[in-house]
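Throughout, protein chains are lettered first and strands after them, A, B, ... in sequence-line order, and every chain is numbered starting at 1.
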There are 2 protein chains.
Amino acid sequence: MADENISDLIERYLKEILADNEQVKIRRSEIAGLFDVVPSQINYVINTRFTIQNGYIVESKRGGGGYIRIEKVHLLDDIDVLNSLIDAIGNRLSKRDSETIVQTLYNNDLINRREVGIILAAIDKDAIDLNNSDLTDIMRANIMISILNRLRYER
Amino acid sequence: MADENISDLIERYLKEILADNEQVKIRRSEIAGLFDVVPSQINYVINTRFTIQNGYIVESKRGGGGYIRIEKVHLLDDIDVLNSLIDAIGNRLSKRDSETIVQTLYNNDLINRREVGIILAAIDKDAIDLNNSDLTDIMRANIMISILNRLRYER
DNA sequence: AATTCTTTGACTAATATTGACTTTAATTAT
DNA sequence: ATAATTAAAGTCAATATTAGTCAAAGAATT
């Protein structure tokens with residue numbers, strides 16, 4: 001417990017609030033001031049400790065009245081399939097492989113027919129085409145991973 | 001819930017009225033006075049929060065007895081909603097506008113909460129980012145249109 | 001010694017607020 | 001009737017107020 005750098009302290013501070021609340025809404029500069037660090041360190045703490053893998057989602061808004069909101073989400077129990085699918089996708093994902101993944105999701109009752117349609121529309125070749133099949137496969141991988149991560153929790 | 005910016009407060013004020021009425025008719029300077037802001041801020045609020053994507057149409061008149069009227073738009077059926085949303089998307093689509101669209105889909109019972117999450121994941125900034133914000137907005141427009149088109153016949 | 005993690009700050013991006021100037025419509029004066 | 005005045009709303013660019021990114025420097029760990 002005594003091994004604490006400032007990022008750890010900030011993490012602990014936020015998680016203590018999250019122990020009693022579903023979410024924290026902060027003003028970045030305030031927290032930075034509280035711990036006497038530069039504002040961007042708050043981003044560092046968030047990026048390293050409040051990821052979706054840890055069960056947190058983060059929203060923010062800039063400008064007057066801006067904020068950062070961290071929300072704890074409930075990760076589902078049976079997400080092994082999702083996790084292994086995420087792990088299996090590398091940087092690129094072919095159309096064919098993406099269809100296999102969607103089929104797997106459907107077979108495992110992780111998505112319904114309608115959701116199959118939506119996901120296939122989201123990664124549709126024409127939609128994400130960039131005149132560069134390499135880029136298209138990268139884009140497809142990114143989108144698929146983002147969706148799989150979303151399926152890992154419910155709100 | 002405190003600490004919202006004034007534009008959010010004005011938005012909320014108007015939407016509360018619109019919850020009970022089909023339309024609001026305001027005198028710009030009055031609302032500005034009520035919230036102690038400059039009159040043109042009312043235009044800012046309207047332009048950013050009461051767009052057609054949001055499901056509102058706005059009419060106004062200048063000169064003596066001038067006014068601004070905000071009206072909830074009433075589209076006949078789901079296809080109308082989808083068509084008008086598709087029409088409103090050009091080549092590019094900002095994050096903000098995309099969120100408005102998804103909200104409108106939800107408000108019109110065209111998608112459920114879970115589908116909101118999936119769609120937002122599909123167009124998430126980090127997912128479709130290619131280190132080029134121009135391309136990001138183009139990609140977001142393409143994906144959103146693809147999904148909207150899917151919803152058009154999958155229902 | 002090498003690698004990874006943390007801290008810092010300069011620069012960028014998004015959103016909100018303000019105010020000077022313009023346009024339109026109604027009212028009043030000629 | 002027509003012109004002048006007044007009373008609105010609209011536009012747009014400048015400024016203010018946040019948060020985000022990224023890379024370099026420093027610290028800790030392996």
Side-chain angles (χ1 to χ4, degrees), chain A residues 1-14 24-51 54 57-71, chain B residues 2-14 24-51 54 57-71 92-100 123-137 140:
Chain A
M1 289 297 141
D3 63 335
E4 301 205 310
N5 56 46
I6 300 184
S7 289
D8 288 340
L9 289 179
I10 297 170
E11 173 189 10
R12 193 145 58 89
Y13 172 81
L14 294 172
V24 222
K25 188 174 174 184
I26 62 170
R27 171 145 302 158
R28 189 179 72 155
S29 57
E30 257 178 33
I31 305 298
L34 195 57
F35 289 90
D36 195 29
V37 298
V38 113
S40 62
Q41 182 152 3
I42 308 305
N43 296 86
Y44 174 74
V45 172
I46 285 172
N47 291 332
T48 53
R49 291 144 162 95
F50 292 89
T51 64
N54 292 318
I57 55 178
V58 180
E59 287 172 89
S60 65
K61 198 165 95 165
R62 307 184 194 187
Y67 59 83
I68 300 176
R69 178 169 39 223
I70 305 174
E71 191 178 346
Chain B
D3 272 0
E4 284 175 303
N5 59 51
I6 299 182
S7 290
D8 286 342
L9 291 179
I10 297 170
E11 172 189 9
R12 195 141 55 90
Y13 172 81
L14 295 173
V24 223
K25 189 174 173 184
I26 63 171
R27 169 144 302 158
R28 189 180 73 155
S29 56
E30 256 177 34
I31 304 297
L34 193 58
F35 289 91
D36 195 29
V37 297
V38 112
S40 61
Q41 182 153 3
I42 307 306
N43 297 86
Y44 174 73
V45 172
I46 286 172
N47 291 332
T48 53
R49 291 147 164 91
F50 292 89
T51 64
N54 229 315
I57 52 177
V58 179
E59 289 171 280
S60 65
K61 203 171 82 167
R62 308 187 191 188
Y67 60 83
I68 300 177
R69 177 168 45 219
I70 305 174
E71 198 176 338
R92 294 150 209 282
L93 183 64
S94 70
K95 179 172 190 288
R96 184 176 184 147
D97 285 346
S98 70
E99 283 164 359
T100 299
I123 57 171
D124 181 75
K125 180 187 158 305
D126 293 330
I128 64 177
D129 187 31
L130 286 173
N131 249 333
N132 179 331
S133 65
D134 246 23
L135 268 185
T136 301
D137 282 2
R140 188 159 26 225

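Minimum atom distance to the side chain of Arg27(B) is reached by dA8(D), of the listed dT6(C), dT17(C), dA8(D). When distances are taken from the side chain of Arg96(B) to each of dA19(D), dT15(C), dT7(C), the shortest belongs to dT15(C). In the set dA16(C), dT21(D), dT7(C), the nucleotide with an atom closest to the side chain of Gln41(A) is dT7(C). When distances run from any side-chain atom of Arg28(B) to the nucleotides dA9(D), dT8(C), dT15(C), the shortest one goes to dA9(D). The side chain of Val37(B) approaches dT18(C) more closely than any other nucleotide in the set dT6(C), dT21(D), dT18(C).
When the side-chain nitrogen and oxygen atoms of Arg49(B) are compared with OP1 and OP2 of dA16(C), one or more of them lie within a distance under 4.0 Å. Contact between the side-chain N/O atoms of Ser60(B) and the OP1/OP2 oxygens of dG10(D) is found at a separation under 4.0 Å. The shortest distance between the side-chain N/O atoms of Lys61(A) and the OP1/OP2 oxygens of dT17(D) is not below 4.0 Å. Contact annotation: Ser7(B) side-chain N/O to dT17(C) OP1/OP2 distance is under 4.0 Å. For dT17(C), the OP1/OP2 oxygens have no side-chain nitrogen or oxygen of Arg62(A) closer than 4.0 Å. At least one side-chain nitrogen or oxygen of Lys125(B) sits closer than 4.0 Å to the OP1 or OP2 atom of dT21(D).
No hydrogens or angles were tested; on distance alone, nothing pairs the side chain of Ser40(A) with the base of dG20(D) as donor and acceptor under 3.5 Å.
Residue Ile42(A) is out of contact with every strand shown, counting any heavy-atom pair closer than 4.0 Å. Using a 4.0 Å heavy-atom cutoff across all strands shown, Gly66(A) reaches sugar-phosphate atoms only and no base atom. The residue Ile68(A) sits close only to the backbone: its heavy atoms come under 4.0 Å of sugar-phosphate atoms, none of a base.
Here the straight-line distance linking atom NZ of Lys25(B) with atom CD of Glu59(B) works out to 10.0 Å at 0.5 Å rounding.
Judged by distance alone, with hydrogens and angles left aside, the side-chain atoms of Arg140(B) form no donor-acceptor pair with the main-chain N or O of Arg92(B) at under 3.5 Å. Within the 3.5 Å criterion, the main-chain N or O of Asn43(A) finds a donor-acceptor partner in the side chain of Asn47(A).
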